[in-house]
Amino acid sequence: MYEYAAKLIRVIDGDTLVLDLDLGFYSWRVGQSYRLLRIDAPELPTPEGKVAKAALEAVLLGKAMTVRTYKADSFGRFLAEVLADHTNVSDWLVANGHAKYRSY
């Protein structure tokens, strides 16, 4: 597990986003897709999916972000815990009804 400062590029859906990570020593990982660890949000084509995406955008917009990365999933997205101003985004989405905890 590694922890990095991050910049939001865009939100893809309620549990996937594109970030630029500051790796330190003037190095960046740019435009990588990350999936929020531990949760599932509704699919984007559904009304609930659109609301979940908007909620994720709102909770991240203008906030200082820290990302803890884990291994990549089967789609090549890195799994990540995202903190926005020290608030765990996955837990926030679940607590506000925009996602469910994923059972493994």
Side-chain angles (χ1 to χ4, degrees):
M1 176 175 67
Y2 299 96
E3 189 169 297
Y4 306 101
K7 176 183 172 189
L8 177 67
I9 300 305
R10 70 185 174 100
V11 173
I12 295 174
D13 61 21
D15 55 18
T16 308
L17 45 137
V18 176
L19 302 170
D20 288 350
L21 295 189
D22 181 354
L23 304 177
F25 301 104
Y26 307 103
S27 296
W28 286 77
R29 168 167 256 157
V30 191
Q32 180 71 46
S33 180
Y34 295 87
R35 185 171 194 293
L36 295 175
L37 189 66
R38 302 182 296 112
I39 67 165
D40 277 323
E43 296 301 318
L44 192 54
T46 66
E48 296 86 1
K50 289 176 177 66
V51 171
K53 178 182 177 182
L56 181 55
E57 288 170 334
V59 77
L60 295 176
L61 194 64
K63 304 233 173 94
M65 292 175 34
T66 303
V67 176
R68 295 180 188 134
T69 61
Y70 298 82
K71 66 179 182 168
D73 68 6
S74 58
F75 297 102
R77 303 168 298 190
F78 283 94
L79 300 174
E81 288 281 0
V82 176
L83 301 161
D85 286 346
H86 307 290
T87 297
N88 186 297
V89 174
S90 295
D91 293 338
W92 184 91
L93 288 166
V94 170
N96 287 278
H98 302 295
K100 294 182 179 180
Y101 286 115
R102 181 183 174 123
S103 58
Y104 291 96

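- Not counting sequence neighbours, Asp20 has no partner by the salt bridge (charged side-chain N to carboxylate O under 4.0 Å, His left out) test.
- Between Leu21 and Ala6, the shortest heavy-atom contact is CD2-CB, 3.4 Å.
- Under a 4.5 Å side-chain heavy-atom criterion applied to ILVMFWY residues, the cluster that includes Ile9 comprises Ile12, Val18 as well.
- Residues satisfying the side-chain contact (heavy atoms from CB on, under 4.5 Å) criterion with Glu48, sequence neighbours excluded, are Pro42, Thr46.
- Among residues two or more places apart in sequence or in another chain, the side chain to side chain donor-acceptor pair (under 3.5 Å) test is passed with Gln32 by none.
- Follow the hydrophobic side-chain contacts under 4.5 Å out from Leu23 and you reach Val82 in the same cluster.
- Here Thr87 pairs with Trp92 under the side-chain contact (heavy atoms from CB on, under 4.5 Å) rule; sequence neighbours left out.
- The main-chain N or O of Leu36 is never found under 3.5 Å from a side-chain atom of Asp15 such that the two would form a donor-acceptor pair.
- Shown here are the salt bridge (charged side-chain N to carboxylate O under 4.0 Å, His left out) partners of Asp22, two or more places apart in sequence or in another chain: there are none.
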Donor-acceptor pairs under 3.5 angstrom involving side-chain atoms of residues 55-67: please list them, not counting sequence neighbours.
{"from": "Lys63", "atom 1": "NZ", "to": "Val59", "atom 2": "O", "distance (Å)": "3.0"}

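- Taking 4.5 Å as the limit, some side-chain heavy atom of Tyr4 sits within range of a side-chain heavy atom of Thr69.
- In this view, Phe75 and Asp73, Arg77 satisfy the side-chain contact (heavy atoms from CB on, under 4.5 Å) rule, not counting sequence neighbours.
- Among residues two or more places apart in sequence or in another chain, the salt bridge (charged side-chain N to carboxylate O under 4.0 Å, His left out) test is passed with Asp40 by Arg35, Arg102.
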Tell me, with the steps shown, if Tyr34 and Leu79 meet side chain to side chain contact (heavy atoms under 4.5 Å, CB included).
CA-CA 6 Å; Tyr34 295 87; Leu79 300 174; over 6 Å; no
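- The line from OH of Tyr101 to CG of Leu37 is 11.0 Å long, rounded to the nearest 0.5 Å.
- Of all heavy-atom pairs between Phe78 and Tyr70, the closest is CD2-O, 3.3 Å.
- Scanning for side-chain contact (heavy atoms from CB on, under 4.5 Å) contacts around Asn88 gives Arg38, Glu81, Leu83, Ser90, Asp91, with sequence neighbours left out.
- Two residues are said to be in side-chain contact when any heavy atoms from C-beta on lie closer than 4.5 Å; His98 and Val51 meet this criterion.
- Linking ILVMFWY residues whenever their side-chain heavy atoms come closer than 4.5 Å, directly or via other members, leaves Leu17 and Val30 in distinct clusters.
- Within the structure, salt bridge (charged side-chain N to carboxylate O under 4.0 Å, His left out) pairs that include any residue of residues 4-14 do not occur (at least two apart or interchain).
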